[in-house]
S.K.: 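To start, I am sharing the structure in question, which I have written as structure tokens.
Just the heavy atoms: all of them, side chains too, but no hydrogens, waters or symmetry mates, feed the values below. Naming convention: chains lettered A, B, ... in sequence-line order (proteins, then strands); numbering from 1 in each chain.
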Number of protein chains: 2
Amino acid sequence: MHPRITIKDIAALSGVSAGTVDRVIHGRGNVSRKARELVEQAMRELNYEPNLIASTLAYNRTLKITALIPDYRSDPYWEQPKSGIEKASLAVRHYGVQVEFVYFPMFSPSRFLKEAEEIIDANPDVLLFAPLFREESGQILRRCAARKIPAALINTDLEDQEALCYVGQDSFQSGVLAGKLLHFGLRPGDMVAVINLDKQIMHARHLLEKERGLRAYFSRHPWEDIGVIRADFEHFEDPQAMQEFLSGLLNAHSRLKGLFISNSRSYRILDAMAGLERPRLRLVGFDLLPANLAYLESNQIDFLINQNPVQQGYQAVMSIFNHLILRKKVERVQYLPLDIVVSENYSYYVAKEKGFQVLV
Amino acid sequence: MHPRITIKDIAALSGVSAGTVDRVIHGRGNVSRKARELVEQAMRELNYEPNLIASTLAYNRTLKITALIPDYRSDPYWEQPKSGIEKASLAVRHYGVQVEFVYFPMFSPSRFLKEAEEIIDANPDVLLFAPLFREESGQILRRCAARKIPAALINTDLEDQEALCYVGQDSFQSGVLAGKLLHFGLRPGDMVAVINLDKQIMHARHLLEKERGLRAYFSRHPWEDIGVIRADFEHFEDPQAMQEFLSGLLNAHSRLKGLFISNSRSYRILDAMAGLERPRLRLVGFDLLPANLAYLESNQIDFLINQNPVQQGYQAVMSIFNHLILRKKVERVQYLPLDIVVSENYSYYVAKEKGFQVLV
DNA sequence: AAAGCAGCTGTGTTCGCACACAGCCTTTAC
DNA sequence: GTAAAGGCTGTGTGCGAACACAGCTGCTTT
């Protein structure tokens, strides 16, 4: 264990030169059968393990990853995966891994496609992207395959497509979990509402999956006798409109006792409800935004589900690294934990996201 | 960005040799004021960052960490920190970090002290240990300080002592959290019991802290009107005795509706209650042992709190690595997240602990 | 028989940095 | 005055692996 076995040791033991050992290790050919067997024997005997440090130094290669994600300036959510990608890139920069960012407007499939094509033309070693648009993303993956550029997906999976890996949340299950969390405060006959605060709800597959999950929970637990309704609302930036929307909802359903906000905009609801007369409402939402955390702490939000968006970016880069530099196997689908966050435990998650503890 | 700046580049720019640059970087002295300033100037100008890979290769040092933890064969809990330490050691082995394990019997301060002394005599580079016994651990830390061996603590902190870092759980807060989780199923006037299944409860500071936390939660929420009692029981291996203990407890307190099991032995309670007639009891416990998970899945345990024991070991080794190899600052106190685990989200945590995704 | 050509092999250089060492030149001591 | 003692500098070697290249064999070709 102590003096690590080097290539020279096996060269000596098997009676050949370091060059031959190297050829065997890399399967470069030009090695006689006899020599190869001797070397393999010696490697097994001494339990040889190549020195990763020396190896990366000698390779002297560089791996260019281009990350294509929605513009974080138009949607603060994307700051988080971005920050995770940046952290990971700091951790692996010594190995010659370079990460470059390209952004596309959240709602523009055409710009998405155009940017992706430009990236592919620049011939990066890996493409890391968020395939928000199914059709265009399929095209991109096919072009990558044609040029032998491996692709890693985050946020949204394209199940049927060839890709190095997918790192993201399990939206359906997060809906199921929300059901569980909401049921604590409810009584038979109560109702809950799924609230989608988004512009183009039909395109937001995640939101629909979350709703499906929530409904699944309550249909698996029929004895709890909870009804589920759904309400979409686009003008969440307008406090006045929000307030009207909400009071309309509450007036229409007197037994509405729980809200499930399907994205990170819970705080919009509570901002709007500030003045409203209303019953005690159970509230479950997503993401540890400062505005949400304030309401969590004052117990106006009961639970936040943390989808670990920072980890999402981090883990995607690390998977690429593991695959291409360390040549390790990588899971095709990597779901991140769904953390249940309440006022009593949120501080740990915030600290983790700030991520003082960078690994290597 | 692309062609990384090397020591030669700054040597060229500042008009000195690589040797002098090296002396400046390491503050080895023997450099004229003028040369030093030129080099520093050039480093700033080119934004020089030493190549970690080349550096570790050239150092060719080895860092021996000895880990002293309770024997995992006598307490399965310790398999988890152990596995975390092993994982981390795999991740950093390329940097010359070697981890060696020494075990001590859970309940023997003298053996603990003896093993620690032997380790220190063997002169490791770092000592990583679980200071279960206050008095003896203080002695050990002082000996480490005298021999300039840095020490990292896991599981239990010695607040007043000099140490590189502490990685562990926040027991008090986990009790508070348990209070929050229990209260969901309770009504005013109900009672909860803290159940300590341990041999030497007075020595188990963590258990006492958890109880304090639970009581703190309910005294901060007096309107919930929940009474807290405590029950210690040592003979948890004996199903017959357990059953009598439990039925005694339930008979004595008719409004007992919640149990908080302060360590990982929740499954013992449920094993014993299998035949028992009993009201619907809310149950909160710790740790994702398979036996506990089975009860979680069948909803006989409502919540498990995950203290991330695997992470504990992992993070401790990584902190040592960050401090001594990467020369980064490390937080003195590192609390791990308190994950709330229910049947709807446990699978992610189990997958994480199995830890396919090893970082570097 | 000479030339050509594979198949196989060892040596040498490189990656960027750490550190030993020899070679200055200047100061101080006697 | 010389010797010793510094202060400061550049060169050179090594860490372990990757890869280029030259050299060696034995074989086929003409």
S.K.: Between D/dC15 atom P and A/I5 atom CD1, what is the distance in whole Å?
M.R.: 15 Å
S.K.: Phosphate oxygens OP1/OP2 of C/dC17: is one of them under 4.0 Å from a side-chain N or O of B/Y48?
M.R.: yes
S.K.: Taking only heavy atoms on the protein side, list every residue of residues 14-21 of chain A lying under 4.0 Å from any atom of DNA chain C, sorted numerically.
M.R.: A/V16, A/S17, A/G19, A/T20
S.K.: Any salt bridge linking A/R93 with B/E49? Criterion: basic side-chain nitrogen under 4.0 Å from a carboxylate oxygen.
M.R.: yes
S.K.: Can you tell me the distance, in whole Å, between the CZ atom of B/R93 and the C1' atom of D/dG16?
M.R.: 15 Å
S.K.: What is the separation between atom CG on A/N51 and atom C1' on C/dC15, rounded to the nearest whole Å?
M.R.: 13 Å
S.K.: Taking atom types as modelled, is there a side-chain donor on A/S14 or A/Q41 under 3.5 Å from an acceptor on the other?
M.R.: no
S.K.: Would you call the rings of B/Y348 and A/Y335 parallel, tilted or perpendicular, where under 30° means parallel and over 60° means perpendicular?
M.R.: perpendicular
S.K.: Report which part of the nucleic acid B/L57 touches: base, sugar-phosphate, or nothing (heavy-atom distance under 4.0 Å, all strands).
M.R.: base
S.K.: Rounded to whole Å, please give me the gap between CD1 in A/I10 and P in D/dA18.
M.R.: 10 Å
S.K.: Hey, could you give me the CD/CD distance between A/Q139 and A/E117, rounded to the nearest 0.5 Å?
M.R.: 7.0 Å
S.K.: Taking atom types as modelled, is there a side-chain donor on A/S319 or A/Q334 under 3.5 Å from an acceptor on the other?
M.R.: yes
S.K.: Pairing donors with acceptors under 3.5 angstrom, does anything connect the side chains of B/N51 and B/R4?
M.R.: no
S.K.: Mapping B/I7 and A/R23 to their closest nucleotides on DNA chain C, which lands nearer the 5' end?
M.R.: A/R23
S.K.: What is the distance, rounded to the nearest whole Å, between atom CG of B/N60 and atom C1' of C/dA20?
M.R.: 15 Å
S.K.: Any side-chain N or O of A/T6 under 4.0 Å from OP1/OP2 of D/dC15?
M.R.: no
S.K.: Over how many whole Å does the gap from A/R61 atom CZ to D/dA17 atom P extend?
M.R.: 15 Å
S.K.: Give a yes or no on whether the backbone of A/L336 and the side-chain of A/N308 come within a donor-acceptor separation of less than 3.5 Å.
M.R.: no
S.K.: Could you tell me the separation between the CD atom of A/E49 and the P atom of D/dA17, rounded to a whole number of Å?
M.R.: 11 Å
S.K.: The side chain of B/Y59 is closest to which nucleotide in this list: C/dC17, C/dC21, C/dC19?
M.R.: C/dC19
S.K.: Under the criterion ring-ring contact (aromatic ring centres under 6.0 Å, His included), which of B/W78, B/F101, B/Y103 is the partner of B/Y72?
M.R.: B/Y103
S.K.: Any residue in residues 28-35 of chain B with a heavy atom nearer than 4.0 angstrom to DNA chain D? Just list them by number, or reply none.
M.R.: B/N30, B/V31, B/S32, B/A35
S.K.: Does the side chain of A/R23 come under 3.5 Å of the side chain of A/N30 through a donor N or O and an acceptor N or O?
M.R.: no
S.K.: Rounded off to whole Å, could you give me the OH-to-P distance for the B/Y95 and C/dC17 pair?
M.R.: 15 Å
S.K.: Between atom CD1 of A/I154 and atom CG of A/L68, what is the distance when rounded to the nearest 0.5 Å?
M.R.: 9.5 Å
S.K.: Let's see if you can work this out: which of D/dC19, C/dC19, D/dG14 has an atom nearest to the side-chain heavy atoms of A/D22?
M.R.: D/dC19
S.K.: Closer to the 5' end of DNA chain D via nearest nucleotide, is it B/A54 or B/R36?
M.R.: B/R36
